[in-house]
Amino acid sequence: MPAVSHLQSAPAAYPDEIGVEVSNVTKSFGGDTSRVTVLNGVSLTIKKGEFVSLIGPSGCGKSTLLKLVAGLSEANGGSVSINGKSVREAAKDKAIGLVPQSPALLPWRTILDNVSLPISINPGANAGRKLRDPKEILQSFGLGHALDRYPAQLSGGMQQRAAIARAFVFDPEILLMDEPFSALDEMNRDQQRMGLLDFWQSNRKSVLFVTHSVPEAIILSDRIVLMASHPGRIAEIIDVDLPRPRNEALYASDAFRDLEGYVRSALRKVMEAARV
Amino acid sequence: MSDTVATAPRRNASGFTMARIVFDWGPPALTFVIVAVLWQLVAINNPYVLPTLDAIGNSLASDPGMYWANLLVTCQEVVIGAGAGIICGFLLAVAMSELPIVEKAVMPLIVVIMVTPVVAIAPALVVAFGFGMLPKYIVTGLVVFFPMLVNSLAGLRDVDQKALDVFKTLHASRWEIFRDLRLPGCMPFVFAGLRIAMPLAVVGAAVAEFVAAGQQAGLGSLVTIAAAQANLPVTWASIALLCLLGVLLVSLLALLRKRILWWSDEDVIGR
């Protein structure tokens with residue numbers, strides 16, 4: 001760990017409650033003869049209101065891990081629980097908000113209707129939760145002027161923001177984001193990152209965020225989970241003790257740079273080990 | 001800034017509306033004029049090959065009631081026969097996409113039926129069901145059924161996987177996934193199927209009438225009867241009306257597509 005103790009870390013919204021618990025999960029694909037182990041003995045706990053990033057070389061199974069937590073894929077061994085319930089139960093309660101790699105908005109619906117979609121789907125699970133007003137949430141994502149527009153009329157960055165708003169609108173327990181900014185150009189990406197950071201800081205939710213970008217992982221996360229490949233496993237979990245609320249100014253701080261250097265060298269070690 | 005919204009296309013912004021019309025309609029109009037002139041040249045020199053265009057026009061004008069009655073019969077076959085074929089094709093596609101066992105069970109039979117030439121089935125249907133409208137409905141329906149089925153099925157399966165993932169994490173029911181994702185998403189494919197089915201519907205109706213000719217039995221019978229009597233103007237007038245019917249159906253479809261499927265046309269939406 002780098003020495004960043006001179007910075008005070010902000011208290012998490014829910015100090016010790018466990019949001020997501022991944023214990024000793026194993027996942028493999030393929031037939032009996034050509035079985036490939038994608039995840040091997042992965043254990044990870046995400047506290048309520050904690051922002052955790054998954055980073056690692058391609059093929060380390062970070063997207064697979066996200067899919068397991070989302071209930072889109074089943075583990076071969078081990079277990080995943082969300083708020084103490086199985087993933088299936090959590091999905092029934094609409095506890096999971098997914099932001100896929102592409103915005104995946106429905107082209108025949110306006111932005112407002114796209115963001116309202118999770119409220120109308122599985123309405124039985126709406127009871128007793130704080131649904132947000134889709135209009136309000138779009139306004140806070142800077143899309144107040146685009147409510148009646150269709151996805152094809154918006155830029156990629158705006159579409160991705162609408163997809164994030166869609167994941168927040170029904171007040172899920174955990175947000176799963178699979179490289180949501182990877183299709184954007186660098187300037188746009190930075191802007192969307194800051195937008196997400198701002199929104200999340202005032203709406204603390206557990207987040208599992210898959211990314212390829214070291215600065216992105218640092219600026220957003222409370223902890224960075226560094227994964228190694230062949231087979232996919234957790235190599236190291238790095239605490240990000242930078243104060244919140246954060247903003248762009250943090251990029252220039254020594255603490256940020258120290259941490260970035262540390263994460264990069266750890267990543268390099270993982271990749272070199274994989275090459276041998 | 002890359003965040004700006006694409007603006008809607010400007011209409012007539014340049015003010016060259018007339019030039020635009022001439023540019024858009026001029027070339028095809030010219031083609032039609034050239035074909036008409038060539039037609040007349042051939043017809044005047046070879047009266048037993050083609051009737052002149054004015055002879056066709058005179059034939060239409062001299063007995064409009066007869067043509068109208070036959071046109072209505074053919075229209076009825078297309079509307080009822082093709083309508084049923086389209087609905088059945090789509091519904092079977094839905095059943096197949098929701099229940100794979102249905103596809104497994106039924107698809108081979110459908111392929112067998114579809115490779116059988118409709119022209120060959122038609123006389124058998126006439127023997128079975130007589131000279132009434134039923135065999136004509138069946139033939140017209142059969143012709144449109146397959147393109148509708150295949151296209152709809154492809155559309156129902158071609159869902160955005162990432163959007164499907166979002167639905168699944170929300171624990172959407174199969175009905176919700178169908179209503180909000182598969183059904184609207186398959187529409188571009190359904191319309192592609194209709195685009196093939198519409199002209200085929202006219203073909204189906206005409207073929208059915210060839211086999212089951214009779215008095216006032218549609219434009220197809222009119223063609224066979226008039227051709228047998230070497231009456232070229234009536235033959236070609238009937239062909240022209242069949243052609244007109246096809247054009248009408250395709251235009252109606254294009255209009256409908258614009259209303260329902262505007263979201264899949266990028267130039268309309270103004271990206």
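Within every chain, numbering begins at 1; the chains are lettered A, B, ... in the order of the sequence lines, protein sequences first and strands thereafter.
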Other residues, nucleotides and ligands only: do more than 12 of their heavy atoms fall within 6.0 Å of [atom1] on [X]?
X      : atom1 : answer
A/Q139 : CD    : yes
A/M187 : CE    : no
A/R109 : CZ    : yes
B/L109 : CG    : yes

Quiz item: Given that the side chain runs from C-beta out, which part of A/L106 has a heavy atom under 4.5 Å from chain B: side chain, backbone, both or neither?
Solution: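 The side chain, not the backbone.
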
Quiz item: Relative to chain A, which of B/H171, B/R179, B/K168, B/Q161 shows the most heavy atom pairs under 4.5 Å?
Solution: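 Sorted descending by pairs with chain A, the first entry is B/H171.
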
Self-check item: Heavy-atom pair count under 4.5 Å with chain A, highest-scoring of B/L261, B/L170, B/I177
Solution: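 Most heavy-atom pairs under 4.5 Å with chain A: B/L170.
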
Quiz item: Could you give the distance from CG (B/D165) to CG (A/L98), rounded to the nearest 0.5 Å?
Solution: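 These two atoms lie 6.0 Å from each other.
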
Quiz item: To the nearest 0.5 Å, how far apart are CG in A/L117 and CD in B/E176?
Solution: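 Spacing of CG (A/L117) from CD (B/E176) equals 9.0 Å.
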
Exercise. Select, from A/D178, A/D93, A/L72, the one with the greatest count of heavy-atom pairs under 4.5 Å involving chain B.
Key: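 Maximum pair count with chain B is reached by A/L72.
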
Exercise. Output the option from A/A91, A/A163, A/P100 having the highest count of non-hydrogen pairs under 4.5 Å with chain B.
Key: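 Highest number of pairs under 4.5 Å: A/A91.
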
Self-check item: Under 4.5 Å from any heavy atom of chain A - which part of B/L181
Solution: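 For B/L181, the contact with chain A is made by backbone and side chain together.
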
Self-check item: Toward chain A, the part of B/S173 with a non-hydrogen atom under 4.5 Å
Solution: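 Answer is neither: B/S173 stays 4.5 Å or more from chain A.
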
Quiz item: What heavy-atom pair brings A/A104 and B/A163 nearest, and what distance separates the two atoms?
Solution: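 Taking A/A104 first and B/A163 second, the nearest heavy atoms are CB-N, 3.5 Å.
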
Quiz item: Of all the residues in residues 183-191 of chain B, which have a heavy atom that comes within less than 4.5 Å of a heavy atom in chain A?
Solution: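 Result: B/P184, B/G185.
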
